[in-house]
Amino acid sequence: MPLSVLQECEVAQPYSESEALKPDRDAASGESVVVYTDDREAEETKTPRILLGTLLGLLLGLCLHILAQGLAGLEKMARRVGLDRRRWSAKDKVVVITGASSGIGTSLARTYAAEGAKLSLVARRRADLERVCEECMALGASSAQAVVADISTEEGWAAVRGAVPAAVDLLVLNAGIAMGAPFVSLCEQNQAMGTMKRLMDVNYIGSVGVLNACMGSMRRAEGGVRLLVVSSVVGLVEGVPWRTGYAASKFALKGFFNTLRVELGISEPVPPTVTLAYPGAVNTPVNNARLGTGDGAVDLDLTKKSMSPDRCAAIMVAAHAVGRRDVFYSIDGTLAGAIKTRLLRHLAFFFPAGSDRVLARAMRVGEMSSKKPARRQLMAVLRGAGRLVIAGQRWASDEVADVSGRLSERVSGRFSERVSGCFSISSSRGRRGSGGEPLPRARSGLALTSDAVAEAFDEARE
């Protein structure tokens, strides 16, 4: 063995039995030489590199996490500052509120009165309306005007148009009536169509009529068109029983004002602010004066599982002040009800048929009367949601398998047809045509085949 080879092999420590002898050939002499390589040394060199790479990866991930958290904090701070700067103040602004003689409307009037607004309160009952105006003046309102009108009639719309100032900064559409009876029982009592018409006239047509009366004044306001529409959780979650006409009127409000928001965003120089609020169970007189209270009516006890009207009004006023598009509430004023509202909303979107079954099981007669613990109600909804998710996953996997199988059969069939057509010309070697001319040889046939195969692959990929 040449001495130079041994001198080049620097030995740091004695070799063990794990050392490998790897033969090699000397380029100058052509003799076979043996080069000693230490596998243990290679492993010892490889291990620190792996540890170093892992450490660097963890360090990089930590740095990225800290950077992301810092950016999120800065964004949150900037958003807070931006919202504070854009927060709309009702001080010395003209605010028109419908349905202000009781319930949420009265609480809204008090809230805006505390901010120093100029109020125009619309309702049918003069005595209650004047009482609310006095309370608002005592709370600090710049002015409080009582407008007695029935918003479901053209006379009421004319009264509103004549009473509002030249510029209206905010219109709050709160007036509405409710119902609490199955549609079948209303049909048996011959009250179905009268109840449905009354609900649509007050909740939907009445709101649009007041908007029509105030639209000119609202467009003249400096801040553009501002609307706060009080809908209901029944107009958000589909399929709540015993509310057929009420749900129809609230879904009509949602569709109308969501479309109006886009239209005003196109036509108006100042972007509009349209906020839709979806309160759940609120302890107001509207539930005691609801339609359909005869035989078959559902008794609603909202003394325990409900939200106070003052709390409900404060939430939607604060949301509108910062330009919120939608305000979602708990279905019954509790934390469990808030979870149920969001679950049912998403279930109705992804699994509409399953959502119907969940509502039919969870919303039994007396379910809102606090006789059934909230925990049991929530667990019933969660179990139904879990079953729907599992069923949806199974259905999706079956559909994907079926579609992929049909697609592979179709693609493979088309590809085999094209390839067989491409290679059919190569079988004509040595033959002649009908006129005696020689058919293309194999070389030309192979050239044609490669082009056609490439084309077939492109079609299969598409």
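What you see below is based on every heavy atom in this structure, not just the backbone, and it leaves out hydrogens, waters and symmetry mates.
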With a 3.5 Å cut-off and sequence neighbours excluded, list the donor-acceptor pairs that the side chains of residues 97-105 form with protein atoms.
residue : atom : partner : partner atom : Å
T98     : OG1  : V172    : O            : 3.4
T98     : OG1  : N174    : N            : 2.9
T98     : OG1  : A175    : N            : 3.1
S101    : OG   : R125    : NH2          : 3.1
S102    : OG   : R125    : NH2          : 3.3

With the side chain counted from C-beta on, respond yes when [X] and [Y] share a heavy-atom pair under 4.5 Å apart, and no when they do not.
X    : Y    : value
M196 : F183 : yes
L170 : V96  : no
L211 : F256 : yes
P279 : V230 : yes
V229 : S207 : no
K254 : L236 : yes

(request) Determine, step by step, whether L227 and T273 satisfy the side chain to side chain contact (heavy atoms under 4.5 Å, CB included) criterion, reporting the C-alpha distance in whole Å, the side-chain angles of both residues, the deciding distance to 0.1 Å, and the verdict. (result) CA-CA 6 Å; L227 284 165; T273 303; over 6 Å; no
From [X] atom [atom1] to [Y] atom [atom2], the distance as rounded to the nearest 0.5 Å:
X    : Y    : atom1 : atom2 : answer
R131 : E134 : CZ    : CD    : 9.0 Å
S231 : K250 : OG    : NZ    : 5.0 Å
S185 : W242 : OG    : CH2   : 11.5 Å
C133 : D128 : SG    : CG    : 11.0 Å
R261 : N258 : CZ    : CG    : 4.5 Å

(message) The test is side chain to side chain contact (heavy atoms under 4.5 Å, CB included); show your working for I151 and R124 and say whether it passes.
(response) CA-CA 8 Å; I151 65 167; R124 292 176 300 168; over 6 Å; no
(message) Show me the pairs that pass side chain to side chain donor-acceptor pair (under 3.5 Å) and involve residues 153-170, at least two apart or across chains.
(response)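 Applying side chain to side chain donor-acceptor pair (under 3.5 Å) to every pair that reaches into residues 153-170, excluding sequence neighbours, yields nothing.
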Listed by chain and number, what are the side chain to side chain contact (heavy atoms under 4.5 Å, CB included) partners of [X], not counting sequence neighbours?
X    : value
V148 : R126, L129
A167 : none
V202 : S152, I177, R198
V233 : V237, I331, T341

(request) Begin from the C-alpha positions of S306 and V282 and carry the test side chain to side chain contact (heavy atoms under 4.5 Å, CB included) through to its verdict. (result) CA-CA 5 Å; S306 61; V282 183; 5.9 Å; no
Sub-3.5 Å donor-acceptor pair from the side chain of [X] to the main-chain atoms of [Y], do we have one?
X    : Y    : answer
R110 : C136 : no
Y246 : L199 : no
T195 : Q191 : yes
K93  : S89  : yes

(request) Determine the sole option in T275, L108, T111, L276 for which the side-chain contact (heavy atoms from CB on, under 4.5 Å) test with M316 is passed. (result)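 Only one of T275, L108, T111, L276 forms a side-chain contact (heavy atoms from CB on, under 4.5 Å) with M316, namely L108.
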(request) State whether the number of non-hydrogen atoms from other residues, nucleotides or ligands found under 6.0 Å of R219 atom CZ is greater than 12. (result)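 Not buried by this count: 12 neighbours or fewer within 6.0 Å.
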(request) Determine, stepwise, if the pair F328 / Y278 fulfils ring pair (Phe, Tyr, Trp, His ring centres under 6.0 Å). (result) CA-CA 5 Å; F328 304 117; Y278 302 95; 5.8 Å; yes
(request) Start with the C-alpha gap between F257 and L173, add the side-chain angles, then the distance that decides, and say whether side chain to side chain contact (heavy atoms under 4.5 Å, CB included) holds. (result) CA-CA 11 Å; F257 285 100; L173 297 173; 3.4 Å; yes
